[in-house]
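Have a look at the structure below, then the notes.
Just so you know, these numbers use all the heavy atoms, side chains as well, and skip hydrogens, waters and symmetry mates. Numbers here simply count residues along the sequence, with the first being 1. Predicted model only: the values in this text are computed from it and were never measured.
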Amino acid sequence: MSADWIFHSGRIFDGQRVHPTATAVAVTDGRITALGTDAEVRGSAGTAAETVDLDGRLLTPGFTDAHVHAVYGGVERLGCDLSNISGLDAVLACIAIYAESTEKPWVTGGGWHKADFPGGYPTRELLDRIVPDRPVYLINADHHSAWVNTRALELAGMDATTPDPADGWIERGTDGFPTGTLHEGAMDLVNRLLPPLTDEDLCGGLLEAQRYLHSVGVTGWQEAILGSYAGYPDASSAYRTLAGRGLLTGRATGALWVPRTTTSDNIAELVADFEERRRANGAAGFVTTSAKIMVDGVPENRTAAMLDPYLRPCRCGNAGGSVGSGGSGDGASHAAADQDADGDDRGLLYLPKDVLTDVATALDAAGFDLHLHVIGDRAVRDGLDAVEHARRSNPHTRGRHHMAHLQIIHPDDIARFAALDVTVNAQALWACNDDQMLELTVPLIGAERAAWQYPFGSLLAAGAVMAMGSDWPVSTPDPWQAIHVAVNRTYPAYPDAPPLLPEQAVSLQTALSSYTAGSAWLNRNDDGGAVAVGKPADLVVLNADPFRLDPGELHTVGTDFTMIAGVPVYARQPQEAKA
């Protein structure tokens, strides 16, 4: 007998727990063929063509990212990538260097963070100083706002008379002229002019994303938007192309995007289109069984849908706007969308509740798993109501419905997740006090609602099931950064900030299981997320055993080796710096 690989002399996390006795794993023909002590595996598997001495490190199932925008992330890494840049001066320097390095007619990219700008919103004048002659379009890290220069506004024909779209708004100065930040649907006023991404661009972005994801131990993921969004086209073609060429090494699935233009009159047409796209993608080897519905936006620009109005903090005099002002700090304001009759600003619902309910029910009946973006407490409640209606209307479906982000949940809705079999799709990295939380979010929602944020502990105690993801390129795809925050409710970059609701922390075992077994199940990879005999050899060797580290050191854990179906897809070089 001979195995292809033997991993030995370490500890094994099997997807649910650290195995009480196993120290070794054998892999043959892409599957795990032995699990046990070193002696047991050697006795069962014999010799091996390749051996890996774990040397006390932990071997885990491959990570599955349950919510990621891989193609966006890859394309942005190949453009003006601001995702790892911090500080206004450094951001501007990075843009200037990139602009000088390319002759492309538009300067594009993204990843800027609101916290780097006074009031959260950058201005066109900042860009005009460094790129005055070409249009610039830079989407921010959360992909709910874009930063443009004056030339881009000119090409789009935008001025003080340009109306806000129904699903977004334009930051304006006192004269009404756009200041350079566009929110939600207002991004489309400019991004419609961008040179279209080619199939080559999309495939290149996906290959770069896949390389990066494998380097942090991610072996599978769910592409969270397949459709036209924020200037990006549907990336399904890139997945089909790479799958057909044998280059799609990750176990990728996708969520078809429900446009904000959906109405009760075109739901049947939408479902038929989704069924055809699901068939075409599946025939090419790319599974797309989820449907993505963005119920609301984000609180920092007051587009997250809230049960009660946002607060209105005092305005501060700064060119970039003030927290809660919605415009420049000199007193401008936007036309708040979806206001109550008395003018109370409660954010945006991208689909009317009746349309949300009807489309969710129709997609559930057609066999799609609902993937709902929900941030505000009203979005959570409306999403749960929609799933409840779908469950009652279609009692024989078994949709693996899930809600992503889940920032603010009213306590009355906690128990409904388990009751409705809705999986918590957590982006745990955000569950900490950082500059954006303390300076931009809490002043808008107040102390009571701030205490309802990311209640993972309460959801699990009430019986909910959890999966985890990154939302990259909104935030890093490195699972250990998110796991660190899930366990500690703090992040090392903010050493002086208090933990965010530490009673909502989860155990390391729960976090690691959620990011492996939980997310694999959510992606309908029922054979994945486990280290067990007969399972696919999707394996990750960590650089340490995190269960033997102080919890405050979990962010230092990294990936030394990644394997998918018995084939290595990443191996850390001896002196390689962590990405």
Side-chain angles (χ1 to χ4, degrees), residues 113-115 117-121 142 144-145 169 171 183-184 295-318 320-327 329 331-349 373-384 403 405-414 416 426-459 485 489-491 494 496-505:
H113 300 273
K114 293 185 176 83
F117 301 92
Y121 303 134
D142 63 31
H144 289 268
S145 302
W169 62 73
E171 291 291 328
H183 300 296
E184 305 293 350
V295 180
D296 68 340
V298 294
E300 295 80 24
N301 63 12
R302 298 197 317 281
T303 56
M306 307 300 296
L307 293 168
D308 293 307
Y310 285 96
L311 304 182
R312 292 280 177 167
C314 295
R315 298 178 181 183
C316 306
N318 61 68
S322 63
V323 176
S325 72
S333 64
H334 66 75
D338 195 26
Q339 292 182 338
D340 292 337
D342 60 0
D344 288 339
D345 181 5
R346 298 193 297 145
L348 283 173
L349 287 172
H373 163 120
V374 290
I375 294 279
D377 54 3
R378 180 164 55 138
V380 173
R381 183 165 294 176
D382 284 2
L384 289 170
M403 290 187 172
H405 312 326
L406 294 166
Q407 181 167 350
I408 305 163
I409 305 177
H410 192 284
D412 291 349
D413 291 319
I414 294 290
R416 298 181 68 194
Q427 285 63 62
L429 182 63
W430 307 345
C432 64
N433 280 313
D434 57 11
D435 290 344
Q436 181 163 301
M437 175 68 73
L438 296 173
E439 298 174 10
L440 301 180
T441 303
V442 174
L444 291 176
I445 64 176
E448 181 180 22
R449 290 181 292 191
W452 300 347
Q453 294 188 97
Y454 306 111
F456 304 142
S458 294
L459 289 162
V485 177
R489 303 288 289 200
T490 61
Y491 196 63
Y494 301 91
D496 298 326
L500 177 68
L501 308 172
E503 69 276 10
Q504 298 296 343

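- Looking at every heavy atom in both residues, Asp345 comes nearest to Gly347 through OD1-N, 3.2 Å.
- The one candidate from Glu300, His144, Arg302, Glu171 that meets the side-chain hydrogen bond (donor to acceptor under 3.5 Å, both in side chains) condition with His183 is Glu171.
- Not one N or O on the side chain of His405 forms a donor-acceptor pair closer than 3.5 Å with the backbone of Gln427.
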For Ile445 and Tyr310, run side chain to side chain contact (heavy atoms under 4.5 Å, CB included): C-alpha distance rounded to whole Å, both residues' side-chain angles, the deciding distance at 0.1 Å, then the answer. CA-CA 6 Å; Ile445 64 176; Tyr310 285 96; 4.3 Å; yes
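- Taking CG of Leu444 as the start and CZ of Arg312 as the end, the distance is 8.5 Å to the nearest 0.5 Å.
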Output, in order, the C-alpha distance, side-chain angles, deciding distance and verdict of side chain to side chain contact (heavy atoms under 4.5 Å, CB included) for Tyr491 and Leu429. CA-CA 8 Å; Tyr491 196 63; Leu429 182 63; 3.9 Å; yes
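- In terms of heavy atoms, Asp435 sits closest to Ala115 at CB-CB, 3.9 Å.
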Verdict with supporting geometry, Asn301 and Tyr121, side chain to side chain contact (heavy atoms under 4.5 Å, CB included): CA-CA 9 Å; Asn301 63 12; Tyr121 303 134; 3.3 Å; yes
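- Inter-residue side-chain proximity for Ser145 and Lys114 is flagged as met; some heavy-atom pair is nearer than 4.5 Å.
- Residue Ala304 comes nearest to Pro299 through the heavy atom pair CB-N, 3.5 Å, listed as atom of the first residue, atom of the second, then distance.
- The CG atom of Leu348 sits 8.5 Å away from the CZ atom of Arg378 when rounded to the nearest 0.5 Å.
- Contact annotation: the side chain of Asp377 never approaches that of Ile409 to less than 4.5 Å [non-hydrogen atoms, C-beta and beyond].
- Using a cut-off of 4.0 Å between Lys/Arg side-chain N and Asp/Glu carboxylate O, Arg449 and Asp308 are scored as not salt-bridged.
- A distance of 10.0 Å separates CG of Leu307 from CD1 of Ile408, quoted to the nearest 0.5 Å.
- With no hydrogens or angles considered, no side-chain donor-acceptor pair links Thr441 and Gln436 at under 3.5 Å.
- From Leu311, atom CG reaches atom CE of Met306 across 9.0 Å, with rounding to the nearest 0.5 Å.
- Side-chain atoms of Pro499 and Asn433, non-hydrogen and from C-beta on, never get closer than 4.5 Å to each other.
- Residues His113 and Phe117 fail the side-chain proximity criterion, which asks for heavy atoms closer than 4.5 Å.
- A distance-only check finds a donor-acceptor pair linking the side chain of Arg489 to the backbone of Leu500 [under 3.5 Å].
- Note: Asp296 CG to Thr303 OG1 = 7.0 Å, rounded to the nearest 0.5 Å.
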Can you check side chain to side chain contact (heavy atoms under 4.5 Å, CB included) on His410 and Asp413, steps first, answer last? CA-CA 6 Å; His410 192 284; Asp413 291 319; 3.9 Å; yes
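- The minimum heavy-atom distance linking Ile414 with Pro455 is given by the pair CD1-CG, 3.7 Å.
- One distance of note links CG of Leu459 with CD of Gln504; it measures 7.5 Å at 0.5 Å rounding.
- Between the side chains of Gln407 and Tyr454, a donor-acceptor pair is found at a separation under 3.5 Å.
- Between Ala431 and Val485, the shortest heavy-atom contact is O-CG1, 3.3 Å.
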